[in-house]
Amino acid sequence: MPLRYEMNISSYNKIPGYGFDYWISKAMIDNFSNLLKERLDCRTGLICGNNEKYIRYWFEPIFLRIGFDYKSCDDTLDCIYRWFPYNHGGDKRRWYGSHFEVVNFKNNGMSIKSEKNSMLRNSGFYFKKGITWNRVGSGVKFAARMASQGFIFDDVSPSGFCSENDYFDILGYMNSKVFNEYLRLFSNGFKVEIGHISSIPYKGVCLNIVHTLSENCVFMEKNDWDAFEISWDFKKHPLV
């Protein structure tokens with residue numbers, strides 16, 4: 001006799017968008033009483049309007065003209081730097097890395113603002129520490145990584161912002177199997193939008209071990225990234 005699966009259709013009302021995901025358990029559905037958007041504010045960012053004009057790999061311009069560790073757009077006014085670190089997709093890496101590009105944002109992006117198709121969306125969040133991911137191609141084995149202070153982010157690298165106390169707990173959760181299982185309910189595997197992330201359930205565990213393990217993962221991935229010449233913080237190969 002074939003197995004029969006029964007579920008009250010009203011139970012799916014708890015899922016944002018009322019997705020009919022028949023394979024998930026009642027316990028998974030009940031977790032939707034607490035959503036990640038209550039702790040993580042997800043935003044899309046800059047559209048330059050002309051990528052070839054404003055975006056470079058970090059080793060292309062004069063390195064001394066790159067401004068690091070800036071805190072806000074206002075700080076770029078009348079400063080000596082033209083280029084600033086830019087989260088613009090890149091390799092799908094967890095925890096840390098994919099720092100390839102810089103963007104010409106001199107004088108608060110004055111030149112970019114004159115471009116016909118440019119948009120400085122959510123500029124109040126530029127340069128702030130957050131969590132970023134690749135919007136395209138991140139659905140399978142989702143990868144979240146640290147967006148350090150001093151970076152501008154764009155529409156292909158959306159970012160989420162939270163309190164410092166929640167930071168490593170949320171970053172660890174977003175790189176977990178549980179998170180990936182929930183993400184399957186919303187994403188087809190090709191694109192992961194901010195709406196998908198915001199709809200996933202989350203309840204802080206408040207365990208020091210989670211914070212510590214997540215922080216250690218960032219530390220190890222940073223060391224790995226900086227061990228090669230593709231990093232602007234490269235000093236020497238670890239075998240030397």
Side-chain angles (χ1 to χ4, degrees), residues 37 39-91 93 96-136 138 144-167 170-171 174 191-195 197-198 218 222 225-226 230-234:
K37 67 180 180 181
R39 300 285 191 93
L40 188 71
D41 187 2
C42 295
R43 305 274 177 157
T44 57
L46 176 67
I47 295 178
C48 292
N50 187 337
N51 288 354
E52 293 184 359
K53 182 177 180 181
Y54 294 103
I55 302 174
R56 296 286 186 274
Y57 289 114
W58 66 265
F59 45 80
E60 291 183 288
I62 299 173
F63 189 72
L64 293 178
R65 299 196 70 182
I66 302 176
F68 294 98
D69 299 323
Y70 274 67
K71 296 181 179 180
S72 71
C73 293
D74 290 341
D75 292 342
T76 67
L77 292 170
D78 301 321
C79 75
I80 62 174
Y81 301 108
R82 176 177 298 275
W83 305 93
F84 299 88
Y86 194 40
N87 279 322
H88 181 61
D91 296 337
R93 288 178 61 99
Y96 188 91
S98 289
H99 300 158
F100 293 112
E101 286 101 350
V102 291
V103 61
N104 182 349
F105 204 75
K106 186 175 177 60
N107 287 331
N108 197 9
M110 181 182 298
S111 183
I112 291 178
K113 292 175 182 177
S114 65
E115 291 293 332
K116 180 179 179 181
N117 297 317
S118 67
M119 294 179 66
L120 275 70
R121 294 181 296 190
N122 299 305
S123 60
F125 290 85
Y126 297 174
F127 300 103
K128 295 185 182 299
K129 178 181 177 181
I131 297 171
T132 191
W133 67 93
N134 294 359
R135 184 169 67 92
V136 179
S138 288
R145 59 186 181 272
M146 170 183 278
S148 305
Q149 176 188 300
F151 279 74
I152 298 172
F153 61 98
D154 69 1
D155 61 319
V156 297
S157 286
S159 295
F161 303 89
C162 61
S163 70
E164 189 64 32
N165 290 336
D166 289 335
Y167 186 83
I170 292 177
L171 180 59
M174 292 176 71
K191 289 184 178 181
V192 179
E193 309 287 359
I194 60 175
I197 302 296
S198 299
V218 171
K222 185 180 188 307
W225 181 258
D226 292 341
I230 57 174
S231 170
W232 53 59
D233 286 322
F234 173 77

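Below, each value reflects all heavy atoms present in this structure, side chains not excepted, and no hydrogens, waters or symmetry copies.
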Taking side chain as C-beta onward, heavy atoms only, is [X] less than 4.5 Å from [Y]?
{"X": "Y86", "Y": "F105", "result": "no"}
{"X": "R121", "Y": "I47", "result": "yes"}
{"X": "E101", "Y": "Y57", "result": "yes"}
{"X": "W133", "Y": "I194", "result": "yes"}
{"X": "I62", "Y": "R82", "result": "no"}

Considering non-hydrogen atoms only, spot the tightest contact between [X] and [Y] and give its length.
{"X": "S148", "Y": "Y96", "value": "OG-CE1, 4.0 Å"}
{"X": "D226", "Y": "K222", "value": "OD2-NZ, 2.6 Å"}
{"X": "G89", "Y": "V156", "value": "N-CG2, 3.9 Å"}
{"X": "P158", "Y": "T132", "value": "O-OG1, 2.8 Å"}
{"X": "S98", "Y": "G90", "value": "OG-C, 4.1 Å"}
{"X": "F68", "Y": "P85", "value": "CD2-CG, 3.7 Å"}

Quick one: pull up [atom1] in [X] and [atom2] in [Y] and give me the separation to the nearest 0.5 Å.
{"X": "F63", "Y": "W58", "atom1": "CZ", "atom2": "CH2", "answer": "6.0 Å"}
{"X": "L120", "Y": "C48", "atom1": "CG", "atom2": "SG", "answer": "8.0 Å"}
{"X": "I131", "Y": "D41", "atom1": "CD1", "atom2": "CG", "answer": "12.0 Å"}
{"X": "I152", "Y": "W83", "atom1": "CD1", "atom2": "CH2", "answer": "11.5 Å"}
{"X": "R135", "Y": "I197", "atom1": "CZ", "atom2": "CD1", "answer": "12.5 Å"}
{"X": "L64", "Y": "Y81", "atom1": "CG", "atom2": "OH", "answer": "8.0 Å"}

Side-chain donor/acceptor of [X] to backbone N/O of [Y], under 3.5 Å:
{"X": "S157", "Y": "N134", "value": "no"}
{"X": "N50", "Y": "K53", "value": "yes"}
{"X": "S118", "Y": "I112", "value": "yes"}
{"X": "Y54", "Y": "G49", "value": "no"}
{"X": "N122", "Y": "T44", "value": "yes"}

Side-chain donor-acceptor pair present, T76, Y70, cut-off under 3.5 Å: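 No pair is found: no donor N or O on one side chain lies under 3.5 Å from an acceptor on the other.
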Pairs satisfying salt bridge (Lys or Arg N to Asp or Glu O under 4.0 Å), at least one member in residues 144-156, at least two apart: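 Listed by first then second residue: nothing to list.
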Trace of the ring-ring contact (aromatic ring centres under 6.0 Å, His included) decision for Y126 with F153: CA-CA 7 Å; Y126 297 174; F153 61 98; 5.5 Å; yes
Check: F100 ring centre within less than 6.0 Å of W225 ring centre: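 Aromatic pair counts; centres sit under 6.0 Å.
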Partners passing salt bridge (charged side-chain N to carboxylate O under 4.0 Å, His left out) against D166 (at least two apart in sequence or in another chain):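 So D166 forms a salt bridge (charged side-chain N to carboxylate O under 4.0 Å, His left out) with R39.
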The single option from N104, V102, V103 passing side-chain contact (heavy atoms from CB on, under 4.5 Å) against R56: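 With R56 as partner, side-chain contact (heavy atoms from CB on, under 4.5 Å) holds for just one option, V102.
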Residue that, paired with F151, satisfies side-chain contact (heavy atoms from CB on, under 4.5 Å) out of H88, K129, K128, H99: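 Exactly one candidate clears the test, H99.
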